[in-house]
Amino acid sequence: MAGRNKIYNEEEALDKAISVFWEKGYDNASSRDLQKAMGIGMSSFYLAYKGGKQELFIKSMNRFFSVYPSAVLTMLKIVENPIEVLRQYYYAMADADGMFGKFGCYFSNAIVQIGDPDLKDLAIKHITDIADAFSEALLKAKKAGIINPVIPQELWSVYLLNLWTGLNTTKSIEKNPKKLKAAIDFSLKVFE
């Protein structure tokens, strides 16, 4: 006997789940909250996500990675000097009116908030993949003689991750966007 066809768009449903997880956090997002936001009933939810909320969160992290940083990662492959691309990425994280500004980094939040090692490892993988792409773009620019970083190359990814995760916390304390942008600009000078 064939199963029922899906009566919802999975990408749209995942985007709605991302909003719930992003706003409430993994632990505080109930299956009912997710079902309501996604517009699906309990049986459809568990039919689509047999692993329940955990499976949905894994799929949401993969969807988030494929959507949000994709334009930046593509741009980093084609620009000569990646500094401005990195600056704009960090500026978006500091923008109080954007989703990053309101709810923090999706992956950083997961790393800090979730105890499940598999979910934490997936979030770490995604965030380090982005930081590694940043480092690769910087290395290409360095080899081309466009930038002259003052910190050792082996520290680039760690430095960028520290800026990223630090900004995720700092923007909760410092509300002045001009100061946040100035701190980002100052932090990126080590690569110019």
Side-chain angles (χ1 to χ4, degrees), residues 1-77 88-134 157 160-173 175:
M1 181 170 154
R4 290 186 347 190
N5 291 334
K6 289 182 185 176
I7 54 172
Y8 67 97
N9 179 304
E10 186 169 22
E11 289 179 347
E12 287 177 13
L14 284 172
D15 291 341
K16 291 174 182 174
I18 287 169
S19 294
V20 173
F21 284 130
W22 210 353
E23 183 177 349
K24 293 186 173 213
Y26 177 77
D27 288 336
N28 292 330
S30 70
S31 294
R32 187 172 255 327
D33 293 333
L34 293 161
Q35 292 163 23
K36 183 177 178 185
M38 295 166 70
I40 61 176
M42 186 185 321
S43 59
S44 294
F45 179 83
Y46 287 104
L47 184 63
Y49 307 102
K50 291 174 180 44
K53 186 169 87 166
Q54 181 180 16
E55 181 182 339
L56 176 59
F57 192 67
I58 289 169
K59 288 184 177 185
S60 81
M61 280 198 287
N62 292 332
R63 169 78 177 153
F64 189 96
F65 183 78
S66 73
V67 172
Y68 285 91
S70 63
V72 170
L73 298 178
T74 299
M75 197 175 302
L76 285 174
K77 292 178 183 177
Q88 294 306 316
Y89 191 82
Y90 286 109
Y91 278 6
M93 290 180 65
D95 179 10
D97 295 327
M99 292 295 282
F100 288 98
K102 290 179 184 173
F103 305 120
C105 169
Y106 201 67
F107 301 127
S108 294
N109 291 350
I111 292 166
V112 172
Q113 297 170 359
I114 297 174
D116 182 298
D118 293 332
L119 295 179
K120 192 177 292 260
D121 286 347
L122 182 59
I124 289 169
K125 180 193 177 318
H126 285 316
I127 203 169
T128 54
D129 285 348
I130 296 167
D132 289 345
F134 289 178
S157 287
L160 292 166
L161 283 170
N162 190 54
L163 175 58
W164 186 328
T165 56
L167 181 60
N168 201 43
T169 301
T170 302
K171 68 184 175 202
S172 299
I173 301 164
K175 303 297 184 187

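The structure presented is a predicted model; accordingly, all values stated were derived computationally and were not measured.
- A 4.5 Å side-chain heavy-atom check between Phe45 and Leu56 finds at least one atom pair inside the cut-off.
- Using cut-offs of 30° and 60° for the angle between ring planes, the Phe107 and Phe65 rings count as tilted.
- Between Asn109 and Asn168 there is a side-chain heavy-atom pair separated by less than 4.5 Å.
- Using cut-offs of 30° and 60° for the angle between ring planes, the Tyr106 and Phe57 rings count as tilted.
- No donor-acceptor pair closer than 3.5 Å links the side chain of Lys102 to the backbone N or O of Glu23.
- Atom CG of Leu163 is separated from atom OH of Tyr89 by 11.5 Å, given to the nearest 0.5 angstrom.
- By the 4.5 Å heavy-atom criterion applied to side chains, Phe21 and Gln113 are not counted as neighbours.
- Side-chain contact between Ser108 and Ile127 is present, with at least one heavy-atom pair separated by less than 4.5 Å.
- Although no hydrogens or angles enter the test, the distance criterion places no donor-acceptor pair under 3.5 Å between the side chain of Trp164 and the main chain of Tyr90.
- The CD1 atom of Ile111 sits 11.5 Å away from the CG atom of Leu119 when rounded to the nearest 0.5 Å.
- For the atom pair CG (Leu161) and CZ (Phe134), the distance works out to 9.5 Å, reported to the nearest 0.5 Å.
- The residues Asp129 and Lys125 are annotated as salt-bridged, a charged nitrogen and a carboxylate oxygen being separated by less than 4.0 angstrom.
- To the nearest 0.5 angstrom, Ser60 atom OG is 9.5 Å from Met38 atom CE.
- Side-chain atoms of Lys171 come within 3.5 Å of backbone atoms of Phe100 as a donor-acceptor pair (strictly under, hydrogens ignored).
- Rounding to the nearest 0.5 angstrom, the gap separating the CD1 atom in Ile114 from the CG atom in Asp121 is 11.0 Å.
- Side-chain atoms of Tyr49 and Leu34, non-hydrogen and from C-beta on, never get closer than 4.5 Å to each other.
- Using a distance-only test at 3.5 Å, with no hydrogens or angles considered, no donor-acceptor pair links the side chain of Lys175 to the main chain of Ala96.
- One distance of note links OG1 of Thr165 with CG of Leu160; it measures 10.5 Å at 0.5 Å rounding.
- The closest donor-acceptor contact from the side chain of Lys59 to the backbone of Leu14 lies at 3.5 Å or more, if one exists at all.
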